[in-house]
Amino acid sequence: MLLPTFDYSEPENLEGALDLLAHHRGDAKLLAGGTDLLVRMKKGLLKPKVLISLKSLNELSYISEGTDWIKIGARTPLAHIVASVPVQNNARALFQACEKVGAITIQHYRGTIGGNILQDNRCHHYNQSDFHRSGRQACHKDGGKICYARENADRCNSTCQSDGATALMALGAKLVLMSKGNERIVDLDQFYTADGIMPHQMEPHELLKEITIPLNNAKSAYQRLAYRSAIDYPIVCAGVLLKPSHSENDRIDEARIVVGAMGRAPLFLAQASSFLEGRKFNDTDAFQKAADASMDSAATFAVHNVGSTLEYRCEMVPTLVIRALQEAAQAAKNQNG
Ligand SMILES: Cc1cc2nc3c(=O)[nH]c(=O)nc-3n(C[C@H](O)[C@H](O)[C@H](O)COP(=O)(O)OP(=O)(O)OC[C@H]3O[C@@H](n4cnc5c(N)ncnc54)[C@H](O)[C@@H]3O)c2cc1C
Ligand code: SF4
């Protein structure tokens, strides 16, 4: 499979990249590690006229830590995040998620955290070669009016399989988006849309500059299921965060359960999370109740389009949620003695 033709620009700094984006708008795509973008281009799923490479923008590759935050530049390779002691200690779900992305040799060194969050949604009816897709009627994402994954669907239900996004949503991360002369901050919770064709609200002239993770003494964990752990995308995953109460450190003050690879975006499950608030870290009944509620909520969004059966993926939701909750609870108990 060959790449389509395109013009290539390699700006020297952020200003230059923003100028190019403002000029080319929807005709251009940003190229970070290329491990998602170039694969899609080779399959003929995307034909941008211009690629703007972030290769020289070392100013977007960093991890810094303050008393109550960690900031990560969008072009930071996943390998740097996995090796970061502040991330390992204080944002463990992200460390565990990045460690599991694809194959170490390629995704960890070329793949960046920005590209991970902004990778396109996937569906096994669509992520195929031009030749494969030419033999059947076009679906919504290909410009048609049908969906092979859900009967009578009026929109695309392709699945977000980003490990990083699920973990970062559990951690309550925010995104710093820049365009020429402008900057806005968006909660990752609010970043996604309900449409698998345009799964997030990034504008074509915008660039993701930074990810901010709040630190508040909480413990997090991430679990996922994939066919072959060394190379495949998750078919279901879960990120959780548990924050101890100030007054009673064996009680949960705040909980966040996020289930990934089960919908058009990672799913923050507010009701399931609420079953844990005020409960003790060793309340196994509350953990089970929250995990079962997670399955019920996630099942309403998922479609059969990323491998395995839908029934199996749904059944695995509580298992992964419980494992992640137990791991985060254990980390909180260890810290509190
Ligand atoms: C075999 C294989 C296995 C994989 N397994 C996994 C997996 O298990 N889990 C997983 O999460 N991913 C997986 N991936 C997807 C991908 O490798 C990773 O998500 C990687 O982190 C993407 O980063 P990148 O820098 O290569 O993104 P790119 O391909 O460079 O970019 C992805 C998208 O983000 C946009 N973009 C990138 N940076 C910015 C920015 N700063 N601002 C605005 N837009 C930007 C690009 O324009 C593009 O649309 C896999 C890919 C392959 C080929
Ligand atoms: S979910 Fe439906 S519309 Fe979307 S890519 Fe798959 S088959 Fe196409």
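Heavy-atom basis, side chains included; hydrogens, waters and symmetry copies ignored. Remember, it's 1-based here, ligands and their atoms both numbered in the order they're listed.
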Review point. What protein heavy atom sits nearest atom 46 (C) of ligand 1, and how far off is it?
Key: L30 O, 3.0 Å

**Study point:** Contacting atoms of ligand 2, where contact means under 4.0 angstrom from a heavy atom of Y148
**Key:** 2 (Fe), 7 (S)

Exercise for review: Note the single closest protein heavy atom to atom 12 (N) of ligand 1, along with its residue, its atom name and the distance in Å.
Suggested key: Q119 NE2, 3.3 Å

Check your understanding: Using heavy atoms and a threshold below 4.0 Å, how should the contact between K209 and ligand 1 be classified: side chain, backbone, both, or neither?
Key -> neither

Practice item. Note the single closest protein heavy atom to atom 37 (C) of ligand 1, along with its residue, its atom name and the distance in Å. Key: G115 CA, 3.6 Å

Check your understanding: Name the one of N127, D120, N121 that satisfies side chain to side chain donor-acceptor pair (under 3.5 Å) with K141?
Key -> D120

Point to revise | F281 six-ring face occupied by R251 cation (under 6.0 Å, within 45°) | key: no

**Study point:** Mutual orientation of the aromatic rings belonging to H124 and H304 [parallel < 30°, tilted 30-60°, perpendicular > 60°]
**Key:** perpendicular

Exercise for review: Check ligand 1 against L37 and write out every atom of the ligand that is under 4.0 Å from a heavy-atom position of the residue.
Suggested key: 29 (O)

Exercise for review: Would you give the length of the straight line joining atom NZ of K209 to atom CG of L18, rounded to the nearest 0.5 angstrom?
Suggested key: 10.0 Å

Study note, to complete from the structure: Taking only non-hydrogen atoms of S162 and a 4.0 Å limit, the atoms of ligand 1 in range are 11 (O)

Review point. Can you tell me which residue and heavy atom of the protein come closest to atom 9 (N) of ligand 1, and the distance to 0.1 Å?
Key: D163 OD2, 2.7 Å

Study note, to complete from the structure: Nearest non-hydrogen protein atom to atom 21 (O) of ligand 1, with distance, is T112 O, 3.1 Å

Study note, to complete from the structure: Here the atoms of ligand 1 under 4.0 Å from any heavy atom belonging to L208 are 40 (C), 41 (N), 42 (N), 43 (C)

Point to revise | Per-atom contacts of ligand 2 with C123, taking only distances under 4.0 Å to non-hydrogen atoms | key: 1 (S), 5 (S), 6 (Fe), 7 (S)

Study note, to complete from the structure: d(L60 CG, L57 CG) to nearest 0.5 Å is 5.0 Å

Revision key, fill the gap. shortest atom 13 (C) of ligand 1-to-protein heavy-atom contact is with Y233 CE2, 3.3 Å

Exercise for review: Give, for atom CD of E10 and atom CG of L20, the distance between the pair rounded to the nearest 0.5 Å.
Suggested key: 11.5 Å

Check your understanding: Distance only, no hydrogens: is a donor on one side chain within 3.5 Å (strictly under) of an acceptor on the other, for Y126 and Q128?
Key -> no

Point to revise | Any donor-acceptor N or O pair under 3.5 Å, side chains E327, Q96 | key: yes

Review point. What atoms of ligand 1 come closer than 4.0 angstrom to any heavy atom of K29?
Key: 49 (O)

**Study point:** Protein contact of atom 44 (N) of ligand 1 - nearest heavy atom, named by residue and atom, plus distance
**Key:** L118 CD1, 3.3 Å

**Study point:** Within reach of ligand 1, part of A32 (heavy-atom separation under 4.0 Å)
**Key:** both

Point to revise | Among H140, H124, H125, closest by any non-hydrogen atom to atom 3 (S) of ligand 2 | key: H140

Review point. Near D232, which atoms of ligand 1 are under 4.0 Å from a heavy atom of that residue?
Key: 8 (O)

Practice item. Provide the number and element of each atom of ligand 2 under 4.0 Å from a heavy atom of Y126. Key: 5 (S)

**Study point:** Salt-bridge contact K280-E248 (side-chain N to carboxylate O under 4.0 Å)
**Key:** no

Study note, to complete from the structure: Within 4.0 Å of some non-hydrogen atom of D36, the atoms of ligand 1 are 29 (O), 32 (C), 33 (C)

Practice item. Compare every heavy atom of I211 with every heavy atom of A173, then report the nearest pair and how far apart it is. Key: CB-CG2, 4.1 Å

Revision key, fill the gap. So for R224 against ligand 1, with non-hydrogen atoms under 4.0 Å, the contacting part is side chain

**Study point:** Cationic tip of R75 above Y62 ring, under 6.0 Å, 45° of axis
**Key:** no

Review point. So which bit of R40 gets within less than 4.0 Å of ligand 1, heavy atoms only: side chain, backbone, both or neither?
Key: side chain

Check your understanding: So, Q201 versus Q190: side-chain donor-acceptor pair below 3.5 Å or not?
Key -> no

Review point. Atom CD1 of I252 and atom CZ of F275: how far apart are they, to the nearest 0.5 Å?
Key: 13.5 Å

**Study point:** Within reach of ligand 1, part of L78 (heavy-atom separation under 4.0 Å)
**Key:** side chain

Practice item. Could you tell me whether some N/O pair between P234 and ligand 1 is separated by less than 3.5 angstrom? Key: no

Review point. Can a donor-acceptor pair be found between the side chains of E65 and N90 at a distance below 3.5 Å?
Key: yes

Study note, to complete from the structure: So the atoms of ligand 1 within less than 4.0 Å of a heavy atom of A74 turn out to be 41 (N)

Check your understanding: Is it the case that R264 places NZ or CZ above or below the six-membered ring of Y192, under 6.0 angstrom from the centre and within 45 degrees of the axis?
Key -> no

Practice item. Distance to 0.1 Å, residue and atom name: give those for the protein heavy atom nearest to atom 16 (C) of ligand 1. Key: T35 OG1, 3.2 Å

**Study point:** Nearest neighbour of atom 8 (Fe) of ligand 2 from the list C139, C147, S158, A149, on a heavy-atom basis
**Key:** C139

Review point. How many angstroms lie between atom OG of S158 and atom NE2 of H140, to the nearest 0.5 angstrom?
Key: 11.0 Å

Practice item. Would you please determine whether L54 falls within less than 4.0 Å of ligand 1 on a heavy-atom basis? Key: yes

Practice item. Flag C156 as yes if one of its N/O/S atoms falls below 2.8 Å of atom 4 (Fe) of ligand 2, otherwise no. Key: yes

Point to revise | Among G102, G34, A103, closest by any non-hydrogen atom to atom 28 (P) of ligand 1 | key: G34

Exercise for review: With rounding to the nearest 0.5 Å, note down the distance linking CG in D36 to CD in Q107.
Suggested key: 10.0 Å

